[in-house]
Novice: 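One structure, as structure tokens, below. Some questions next.
Bear in mind the structure is a predicted one, so any value in this text is a computation, not a measurement. Letters A, B, ... mirror the listed sequences (proteins, then strands); counts begin at 1.
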Number of protein chains: 2
Amino acid sequence: MTADALMASLERAGHRVTTPRRVVAQLVADREGHFTAGDLVDDARRRHTGIGRATAFRTLELFTELGLVERVDLPSGSHAYVACEPVHHHHAICTSCGRALDVAEAGLGPALDGIARRLDFQITSHRLEVFGVCAACRRGATR
Amino acid sequence: MTADALMASLERAGHRVTTPRRVVAQLVADREGHFTAGDLVDDARRRHTGIGRATAFRTLELFTELGLVERVDLPSGSHAYVACEPVHHHHAICTSCGRALDVAEAGLGPALDGIARRLDFQITSHRLEVFGVCAACRRGATR
DNA sequence: ATGTTATTGATACTGTGTCTCATATGAACG
DNA sequence: CGTTCATATGAGACACAGTATCAATAACAT
């Protein structure tokens with residue numbers, strides 16, 4: 001996901017294309033794996049962009065609304081974001097390098113149907129998060 | 001899950017049985033559905049127990065470690081807890097009344113295997129959260 | 001009863017995320 | 001191009017969650 005692609009989606013949705021937003025888009029695009037809002041704020045300061053805290057949070061929220069970035073809740077309880085394609089899917093998060101792989105729906109349907117039936121529960125949404133170690137990290141390349 | 005059961009597990013694990021912990025256990029037992037740490041602190045103050053903020057957090061953390069209570073991440077991003085049995089399972093959270101139903105493993109295995117194979121990813125843990133409306137709420141009893 | 005040790009509560013502190021508001025800026029229009 | 005005006009920005013204040021410190025206290029084995 002490039003910064004340009006992010007900005008294009010933003011414009012398509014009727015939002016203004018501004019310099020601060022372009023900067024945040026670039027920071028997101030430059031990130032590997034997941035990151036917190038705080039990480040982005042730090043990046044912004046380190047690179048001497050004049051991006052304010054509030055703007056970083058707001059832009060991230062905007063990207064999330066547009067589905068360009070998704071929030072994942074790490075086992076530690078902190079909130080992280082990952083850039084991803086705007087279709088329904090889940091994430092496999094590598095606990096070693098922090099990268100998030102997209103996981104397609106993957107036969108969860110029957111399991112969900114079973115749950116709905118057994119519990120007489122009307123499912124409106126669900127979230128699956130898988131944690132583990134990716135192939136690259138297993139081969140020893142921990143970065 | 002009664003307050004006594006909570007305290008019994010606590011004692012079995014070699015922790016001291018103290019009055020503040022008993023109070024927190026009672027607060028947890030009296031709760032329906034999910035609640036945040038802040039909710040418990042408020043309960044404690046409202047009932048004029050002399051429980052300090054730190055103790056409420058600490059006790060909740062302790063219960064979580066022992067698996068007597070489990071943390072769930074709500075779609076809103078806030079952290080909530082639910083009392084539950086200490087075996088691996090997932091939760092179906094009713095967005096209307098806030099109650100959490102326990103969901104047994106439910107045929108997730110094949111789906112996870114598929115993910116592991118396709119992505120060449122070694123899964124160490126996973127979390128499934130299902131949101132929707134429970135049977136009672138669908139019938140109109142919103143509390 | 002008593003001594004040891006875990007636990008407690010007050011308080012201070014670190015972070016995270018939101019809100020406000022005066023100022024600045026994009027883009028549509030002339 | 002310049003003007004206009006809604007939108008977006010940044011600084012700072014704020015609200016809240018969670019953690020750390022530490023002297024005082026209470027559990028429990030003896």
Side-chain angles (χ1 to χ4, degrees), chain A residues 3-4 6-28 34-66 69-81, chain B residues 6-28 34-66 69-81:
Chain A
D4 285 348
L6 291 170
M7 295 314 283
S9 297
L10 212 164
E11 184 164 25
R12 220 176 306 122
H15 294 276
R16 286 193 183 168
V17 174
T18 69
T19 306
R21 280 175 181 169
R22 228 187 305 266
V23 172
V24 173
Q26 189 61 58
L27 292 176
V28 169
H34 56 70
F35 53 89
T36 65
D39 290 337
L40 268 208
V41 173
D42 291 345
D43 285 357
R45 198 191 323 276
R46 207 173 307 117
R47 297 200 196 174
H48 303 97
T49 70
I51 305 302
R53 236 171 88 72
T55 301
F57 275 89
R58 280 189 288 232
T59 306
L60 219 35
E61 184 187 7
L62 190 55
F63 286 167
T64 305
E65 272 169 25
L66 299 177
V69 143
E70 198 160 309
R71 209 169 70 192
V72 297
D73 299 302
L74 303 182
S76 70
S78 53
H79 299 147
Y81 296 84
Chain B
L6 290 170
M7 294 314 284
S9 297
L10 212 163
E11 185 164 26
R12 220 176 305 124
H15 294 278
R16 287 192 183 169
V17 173
T18 69
T19 305
R21 281 175 179 167
R22 227 188 306 266
V23 172
V24 174
Q26 189 60 58
L27 293 176
V28 169
H34 56 73
F35 53 89
T36 66
D39 290 339
L40 269 207
V41 173
D42 290 346
D43 286 357
R45 196 191 325 276
R46 205 171 311 114
R47 296 200 197 174
H48 302 98
T49 70
I51 306 302
R53 233 171 94 70
T55 301
F57 275 89
R58 281 188 289 234
T59 307
L60 219 35
E61 183 188 6
L62 189 55
F63 286 167
T64 304
E65 271 168 27
L66 299 178
V69 142
E70 197 160 311
R71 209 168 71 191
V72 297
D73 300 301
L74 303 182
S76 71
S78 53
H79 299 147
Y81 297 84

Novice: Please tell me if Thr55(A) has a side-chain N or O lying less than 4.0 Å from either OP1 or OP2 of dT9(D).
Specialist: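 So the side chain of Thr55(A) is outside the cut-off, no N or O lying under 4.0 Å from OP1 or OP2 of dT9(D).
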Novice: Look only at the side chain of Thr49(B) and the backbone of Ala44(B), and say whether a donor-acceptor pair between them is shorter than 3.5 Å.
Specialist: yes
Novice: Taking Thr36(A)'s backbone N and O only, do any of them form a donor-acceptor pair with Asp39(A)'s side chain (distance below 3.5 Å, no angle check)?
Specialist: yes
Novice: Take the protein atom CD of Glu11(B) and the nucleotide atom C1' of dC28(D), then report the distance between them rounded to whole Å.
Specialist: 10 Å
Novice: Sub-3.5 Å donor-acceptor pair from the side chain of Thr55(B) to the main-chain atoms of Ile51(B), do we have one?
Specialist: no
Novice: When the aromatic ring centroids of His79(A) and His79(B) are compared, is their separation below 6.0 Å?
Specialist: yes
Novice: Look at the side chain of Arg21(B) and the backbone N and O of Arg16(B), then say whether any donor-acceptor pair between them is shorter than 3.5 Å.
Specialist: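 Present.
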Novice: Taking CZ from Phe63(B) and P from dT7(C), how many angstroms apart are they, rounded to a whole number?
Specialist: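 Interatomic distance, CZ of Phe63(B) to P of dT7(C): 12 Å.
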Novice: Checking side chain to side chain contact (heavy atoms under 4.5 Å, CB included) for the pair Leu40(B)/Leu60(B): CA distance, chi angles, key distance, verdict?
Specialist: CA-CA 9 Å; Leu40(B) 269 207; Leu60(B) 219 35; 4.0 Å; yes
Novice: Between Leu62(A) (CG) and dT7(D) (C1'), how many Å, whole number?
Specialist: 12 Å
Novice: Return a single string for nucleotides 10-21 of chain C, one symbol per nucleotide in 5' to 3' order, where B is base contact, S is sugar-phosphate-only contact and - is none, cutoff 4.0 angstrom on heavy atoms.
Specialist: ------BB-BB-
Novice: Just how far, in rounded Å, is P of dA15(D) from CG of Asp42(B)?
Specialist: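 Going from CG in Asp42(B) over to P in dA15(D) covers 16 Å.
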Novice: Which atom pair, heavy atoms only, marks the closest approach of Leu66(A) to Ala13(A)?
Specialist: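 Nearest heavy atoms, Leu66(A) then Ala13(A): CD2-CB, 3.6 Å.
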Novice: In this structure, how many angstroms lie between the C1' atom of dG10(D) and the CG atom of Leu40(A), rounded?
Specialist: 17 Å
Novice: Using atom types as modelled and distance alone, determine if a side-chain donor or acceptor of Thr59(A) lies under 3.5 Å from a backbone N or O of Val24(A).
Specialist: no
Novice: Near DNA chain D, under 4.0 Å by heavy atom, which residues of residues 13-23 of chain A?
Specialist: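 The answer is His15(A), Arg16(A), Thr18(A), Pro20(A), Arg21(A).
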